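The structure appears right after this line, and notes come after that.
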Amino acid sequence: MISRTRYTKILAVTGTGLLILHTGYYGFQLEQPWWQYLIFLLFMFISELNAVQFNNTYLSMEFGFIYAALFIFGFIPAAVMKALSTLLSQAYIRYRNGNLRENLDVVCFNVGQYMVSFFGGAGVYILLKRGGLSEVFAQVLGIFMYFILNNLLVEFYISFGTRDYTFRKWLKSLEADLTTYTISVPGGLLTVQLYRHFGYYLHFPYVGFFAALLGFAPYFLMVYIYKLYMGLIATNRELTALYDVAATMTSTLNTQEVLEIIFDSAKSVAPWDTISLFVYQQDALVPLMYEGFYSDSIKDFRLKPGEGITGSTLLRGRGEIVNNCKKDPRFRQIPGLPLNTKSIMSVSMINNNDIIGAITLTSNKKNAYNNKHLKIMSILANQAAVAISNARLFDRTSKLAVTDSLTKLYNHRYIYEELESMVSRVKNSGGMFSLIIIDIDHFKSYNDRYGHLVGDSILKKLAEVLRDNVRNNDIVGRYGGEEFVIILPDTSGAEAYAIAERIREVVESTEFAQTDTGKKIFITISAGVASCPDDALTVKELVRKADQALLFGAKQKGRNRVVEFRKLN
């Protein structure tokens with residue numbers, strides 16, 4: 001599979017190669033004074049510097065200048081100016097953030113992907129014009145090609161290291177970038193029309209060019225308004241994130257759903273290049289959800305309280321910002337974390353002194369986080385801790401309601417509910433499942449001879465053996481007393497018989513307890529098997545037939561055996 005590093009190199013080489021090939025073929029001629037090119041290049045540079053952040057991507061108004069340059073200066077000069085403006089602006093931004101050396105490949109990638117998009121869009125326009133299509137349609141389709149290529153190449157780059165990147169997320173990014181084109185395309189059109197109109201009707205030198213520059217005045221005003229608008233959207237996202245987590249506390253008590261909402265909300269609060277949600281399990285922080293890491297090896301990473309910047313927040317009980325993490329002695333290089341990471345913000349999730357987990361964001365920029373980010377993230381983390389605690393409490397309570405206290409298997413009530421559900425599913429949608437009822441042979445004699453403590457140990461050990469010898473989606477329960485049941489989805493009677501027979505053999509050879517004198521205790525089991533729909537189409541009938549196979553088959557024929565109902569007679 002292609003890596004992110006290889007992908008950036010391919011795009012950088014491809015884009016640069018396209019620029020060199022076209023320049024060599026068509027030539028580069030300065031038909032206007034050099035200072036006009038320089039002014040346009042400066043405007044392009046400024047537009048790149050004023051890109052608006054949206055989640056962990058950036059939206060730029062650069063297209064208006066590319067469009068204007070294309071029709072004012074020509075095909076090749078516009079491409080060269082765009083390549084130079086991207087190279088200079090991207091290099092300057094990373095120099096200012098102190099990570100130019102680590103991000104040279106990203107700078108070259110941006111130049112390359114812009115060139116691929118430019119030549120793709122311009123190529124479509126030229127081919128359609130030569131094919132006789134009208135100017136308007138040729139331009140619309142050329143712009144559309146540039147827009148799609150530009151977003152597709154960038155989004156594919158972002159998708160590396162993202163665990164749950166979806167087509168829907170790409171459409172959301174397209175929608176956001178489309179808003180910039182509603183401003184930049186009209187701005188470019190206005191500039192070109194002013195240039196052509198005044199340049200054609202008035203013969204004063206350079207009047208068309210200066211008229212075009214005046215056309216940028218409303219364009220810059222719209223860019224400024226757009227930045228204010230996006231600032232309001234960012235604030236709204238922050239408030240929405242807090243509201244979503246607060247609403248989660250009353251809308252759902254499913255732990256997984258709660259964690260997913262918290263993670264999605266955290267992604268909207270502050271800029272990030274990586275984000276991870278840790279949960280506290282077995283005395284360590286375990287990364288449960290994460291994005292932005294260049295490999296999946298973080299899933300095996302563990303942090304003890306007090307270890308690293310994230311672990312320190314658990315002991316401090318409050319969040320922390322480190323805007324130059326490489327100089328912090330607590331910084332630990334998490335597997336998959338970009339090597340050029342500069343800033344970290346981490347907040348702990350603690351509820352009533354119980355450690356729930358932590359949320360950590362990192363950025364490749366210095367000073368990426370401020371007190372506003374920390375305050376909002378801390379509020380979100382506090383709400384999240386309460387929501388997760390409530391969900392976990394509900395999970396434990398729900399499990400107790402359907403779990404046998406001794407064996408920790410499902411109880412009689414849950415088994416019947418599951419049987420009713422599976423019979424209904426077979427009737428409505430088809431399929432099959434089987435039921436095994438298991439009974440410990442002569443169990444009363446063990447209780448009478450060795451006492452109830454040994455009897456309880458045998459029951460618990462058998463529950464463990466049954467769990468270890470079925471599939472993850474099979475359901476094991478304690479039916480009552482010394483009887484157990486196993487529900488096997490999508491399993492025929494013959495297959496269930498083979499599984500029950502294998503379990504019987506394992507039980508027969510397993511030591512289940514020891515007496516006070518050290519005597520080893522072994523047991524045997526008997527089992528009856530029935531399946532739905534072959535043997536029964538109601539829960540009552542299915543249980544009755546499995547019972548008959550157990551009692552009149554396995555028990556009456558000497559015990560320590562498995563009998564399938566269909567072979568009872």
Side-chain angles (χ1 to χ4, degrees), residues 255 281-283 392-419 422 433-489 491 496-530 543 546-547 549-551 554-555 558-563:
T255 303
Q281 296 176 352
Q282 298 178 340
D283 300 323
R392 286 178 173 176
L393 178 61
F394 179 77
D395 285 345
R396 287 195 294 269
T397 304
S398 300
K399 191 171 182 180
L400 286 174
V402 297
T403 303
D404 173 62
S405 59
L406 177 66
T407 62
K408 309 306 178 187
L409 298 178
Y410 290 116
N411 60 21
H412 185 277
R413 168 191 161 190
Y414 181 85
I415 288 295
Y416 262 84
E417 288 177 353
E418 197 63 26
L419 285 172
M422 295 190 73
F433 74 93
S434 292
L435 173 68
I436 303 173
I437 297 182
I438 296 171
D439 184 82
I440 301 176
D441 297 329
H442 304 296
F443 180 70
K444 185 176 182 300
S445 65
Y446 294 105
N447 274 333
D448 293 342
R449 189 181 309 169
Y450 304 115
H452 288 282
L453 289 178
V454 171
D456 287 349
S457 295
I458 291 173
L459 293 172
K460 288 191 285 187
K461 180 64 176 179
L462 180 57
E464 180 184 325
V465 171
L466 295 180
R467 272 194 301 260
D468 291 343
N469 285 276
V470 296
R471 302 164 300 187
N472 290 334
N473 63 331
D474 295 334
I475 299 165
V476 183
R478 185 182 180 192
Y479 195 57
E482 69 271 26
E483 285 192 331
F484 295 79
V485 298
I486 303 174
I487 303 174
L488 303 163
T491 305
Y497 172 83
I499 293 171
E501 180 63 25
R502 175 169 50 80
I503 292 173
R504 185 196 65 77
E505 292 174 355
V506 171
V507 169
E508 189 178 26
S509 61
T510 299
E511 177 188 330
F512 273 75
Q514 285 189 5
T515 64
D516 293 338
T517 60
K519 178 183 177 181
K520 296 179 180 180
I521 299 174
F522 293 83
I523 68 168
T524 60
I525 59 172
S526 299
V529 178
V543 172
D547 249 337
L550 170 66
L551 296 174
K555 291 289 187 181
R559 295 182 170 82
N560 191 21
R561 66 185 62 214
V562 178
V563 174

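The basis for the numbers below is simple: all heavy atoms, side chains too, and nothing from hydrogens, waters or symmetry mates. As the structure is a computational prediction, the values presented were derived from the model and not from experiment.
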What pair of heavy atoms forms the shortest contact from [X] to [Y], and how long is it?
X    : Y    : answer
I487 : F433 : CG2-CD1, 3.9 Å
A546 : L435 : CB-CD2, 4.1 Å
A527 : I438 : CB-CG1, 4.0 Å

Should the heavy atoms of other residues, nucleotides or ligands under 6.0 Å from OH of Y410 be counted, would the total exceed 12?
no
Would you confirm whether D441, through its side chain, and N560, through its main-chain N or O, come within 3.5 Å as a donor-acceptor pair?
yes
Taking T491 for its side chain and A496 for its backbone only, find out whether a donor-acceptor pair lies under 3.5 Å.
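Between the backbone of A496 and the side chain of T491 there is no qualifying donor-acceptor contact (under 3.5 Å).
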In terms of side-chain geometry, is the basic nitrogen of K461 or E464 positioned less than 4.0 Å from the acidic oxygen of its partner?
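The answer is yes: the pair qualifies as a salt bridge.
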Considering only NZ, NE, NH1 and NH2 on the basic side and carboxylate oxygens on the acidic side, decide whether E501 and R504 come within less than 4.0 Å.
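Answer for the salt bridge query: yes.
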Check the pair S526 / D439 against side chain to side chain donor-acceptor pair (under 3.5 Å), numbers first and verdict last.
CA-CA 5 Å; S526 299; D439 184 82; over 6 Å; no
So, applying side chain to side chain contact (heavy atoms under 4.5 Å, CB included) with I440, which one of V507, T524, I523 is it?
I523
Atom pair [atom1] ([X]) and [atom2] ([Y]), whose distance is rounded to the nearest 0.5 Å:
X    : Y    : atom1 : atom2 : answer
D547 : E483 : CG    : CD    : 6.0 Å
I436 : I525 : CD1   : CD1   : 9.0 Å
L409 : I486 : CG    : CD1   : 9.5 Å
Y446 : L459 : OH    : CG    : 12.0 Å
I458 : L453 : CD1   : CG    : 11.5 Å
T510 : E505 : OG1   : CD    : 11.0 Å

List the atom pairs, with distances to 0.1 Å, where a side-chain N or O of residues 474-481 and a protein N or O form a donor-acceptor pair under 3.5 Å, not counting sequence neighbours.
residue	atom	partner	partner atom	Å
D474	OD1	R471	NE	3.1
D474	OD1	R471	NH2	2.7
D474	OD2	R471	N	2.9
D474	OD2	R471	NE	2.9
R478	NE	G481	O	3.0
R478	NH1	D404	OD1	3.4
R478	NH1	D404	OD2	3.4
R478	NH2	G481	O	2.9
Y479	OH	Y416	OH	3.1

Would F484 and T407 count as a side-chain contact (heavy atoms from CB on, under 4.5 Å) here? Give the steps.
CA-CA 10 Å; F484 295 79; T407 62; 4.2 Å; yes
After noting the C-alpha distance and the side-chain angles of V465 and N469, does the key distance pass the side-chain contact (heavy atoms from CB on, under 4.5 Å) rule?
CA-CA 6 Å; V465 171; N469 285 276; 3.7 Å; yes
One pair to check against side-chain contact (heavy atoms from CB on, under 4.5 Å): V454 and T515. What are the steps and the verdict?
CA-CA 8 Å; V454 171; T515 64; 5.9 Å; no
